[in-house]
K.L.:
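The structure follows.
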Amino acid sequence: MNQRTATPRRRPLPRRFFARDTVLVARALLGCTLWVDSGGTLCAGRVVEVEAYLDERDPASHAGRGRTPRSAIMFGQPGVAYVYLVYGMHHCFNVVTETTGRAGAVLIRAVEPLVGEDAMRTRRGSSPDAELCAGPGRLCRALGIDLAWNGLSLGGRLRSVANKPGPGRVWIAAGEPPAQVISGPRIGIRRAVERPLRFCDPESRCLSRSPGLGSL
DNA sequence: GAACCGATTGCCT
DNA sequence: GGCAATCGGTTCG
């Protein structure tokens, strides 16, 4: 198990980490630690599966048809959480990438639980540990992330806006990159299926699906 | 406004 | 493997 015994680092990655090419950021996020403090409960997991969503040139991206009220956040500051609702019931957690003005985001599809597994089980109900955070919807459910988290900065500090506490804190810390990275088509999309913009650690047992073909 | 469509999941056959 | 659940965003009239 990767990093299972080591104590994960906690220091938040700087904003400039995310202000780069989206595919670069997506690959670099593998092995990093996602920290979430929701309702005073701290959870963390090792990022093992991500997908890159690009700008106007990517028909599968929410930014694929330009700036809309929803996709505007993808054109905004990097290092910000982009959370949306899919199928009327599941949430997806993304990190905004690229410099301000250029659209991009990385969808976190799966993490290996490292901290707070009890809380995850409580939120997710009975399910095998390997499946607690294996999938974008499952991950958000396990970590307590919903629409209220949309727009939060990944600074790791409490957001103090008008003295009102936010829903919680979320940030990402550096970790040990996987020995191998597999790329493949993104999951659940109909457009641009040929693009290998899904990246995962094939050695992880916590993936949402088996790794695609085509190694990088 | 109304109709349509999902970056999913879990339960059913 | 098939399919229903469920609602915000986008598109169309």
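The sequence lines fix the lettering, A, B, ..., with proteins before strands; numbering per chain opens at 1.
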K.L.:
Identify whether any heavy atom of Ile187(A) sits under 4.0 Å from a base atom; if not, whether one sits that close to sugar-phosphate; answer base, sugar-phosphate or nothing.
P.N.:
sugar-phosphate

K.L.:
For His90(A) and dC7(C), give me the distance from atom NE2 to atom P, rounded to whole Å.
P.N.:
12 Å

K.L.:
Check whether any side-chain N or O of His62(A) sits under 4.0 Å from OP1 or OP2 of dG9(C), and answer yes or no.
P.N.:
no

K.L.:
Does Arg198(A) place a side-chain N or O at less than 4.0 Å from the phosphate oxygens OP1/OP2 of dA7(B)?
P.N.:
no

K.L.:
Phe93(A) versus Leu143(A): any side-chain heavy-atom pair under 4.5 Å?
P.N.:
no

K.L.:
Could you measure the distance from the CG atom of Leu54(A) to the CZ atom of Arg102(A)? Nearest 0.5 Å is fine.
P.N.:
10.5 Å

K.L.:
Got a second to check how far Phe17(A)'s CZ is from Leu29(A)'s CG, nearest 0.5 Å?
P.N.:
4.5 Å

K.L.:
Starting at atom CD1 of Ile73(A), determine the distance to atom P of dG8(C), rounded to an integer number of angstrom.
P.N.:
17 Å

K.L.:
Starting the side chain at C-beta, find the nucleotide from dA7(B), dG8(C), dT10(C) nearest to Asn94(A).
P.N.:
dA7(B)

K.L.:
Of the nucleotides dT6(C), dT9(B), dC7(C), which has the atom closest to the Met89(A) side chain?
P.N.:
dT6(C)

K.L.:
How is Arg70(A) classified with respect to the nucleic acid when contacts are heavy atoms under 4.0 Å: base, sugar-phosphate, or nothing?
P.N.:
sugar-phosphate

K.L.:
Output the rounded distance in Å from OH (Tyr84(A)) to C1' (dT8(B)).
P.N.:
10 Å

K.L.:
Is there ring stacking between Tyr53(A) and dA7(B), where the centres must be under 5.5 angstrom apart and the planes under 30 degrees?
P.N.:
yes

K.L.:
The side chain of Leu85(A) is closest to which nucleotide in this list: dT11(C), dG8(C), dT9(B)?
P.N.:
dG8(C)

K.L.:
When you check the phosphate oxygens OP1 and OP2 of dG10(B), does a side-chain N or O of Arg124(A) lie under 4.0 Å from one of them?
P.N.:
yes

K.L.:
Whole Å only: how far is the CZ atom of Arg190(A) from the C1' atom of dC4(B)?
P.N.:
13 Å

K.L.:
Can you measure Leu139(A) atom CG to dA7(B) atom P for me and round it to whole angstrom units?
P.N.:
17 Å

K.L.:
Among Asp201(A), Leu30(A), Leu34(A), Val111(A), whose side chain to side chain contact (heavy atoms under 4.5 Å, CB included) with Arg46(A) holds?
P.N.:
Asp201(A)

K.L.:
Starting at OG1 of Thr33(A), measure out to CD of Glu176(A) and round the result to the nearest 0.5 Å.
P.N.:
10.0 Å

K.L.:
Is the Trp171(A) ring parallel, tilted or perpendicular to the Trp35(A) ring (thresholds 30°, 60°)?
P.N.:
parallel

K.L.:
Could you give the OH-to-P distance, from Tyr87(A) to dT8(B), as a whole number of Å?
P.N.:
5 Å

K.L.:
Atom CZ of Arg191(A) to atom C1' of dC5(B): distance rounded to whole Å?
P.N.:
12 Å

K.L.:
Calculate the interatomic distance between Arg65(A) atom CZ and dC5(B) atom P; express it in whole Å.
P.N.:
12 Å

K.L.:
Could you provide the dot-bracket string of DNA chain C, using ( ) for intrastrand pairs, [ ] for crossing pairs and | for bases paired to another strand, with Watson-Crick or G-U pairs below 3.5 Å?
P.N.:
|||||.||||||.

K.L.:
With the 4.5 Å side-chain cut-off for hydrophobic clustering, are Ile73(A) and Val83(A) part of the same group?
P.N.:
no

K.L.:
If the cut-off is 4.0 Å, is Arg141(A) near the phosphate of dT8(B), judged by side-chain N/O to OP1 or OP2?
P.N.:
no

K.L.:
Given the rule that I, L, V, M, F, W and Y join up when any side-chain heavy atoms are under 4.5 Å apart, are Leu154(A) and Val80(A) in one cluster?
P.N.:
no

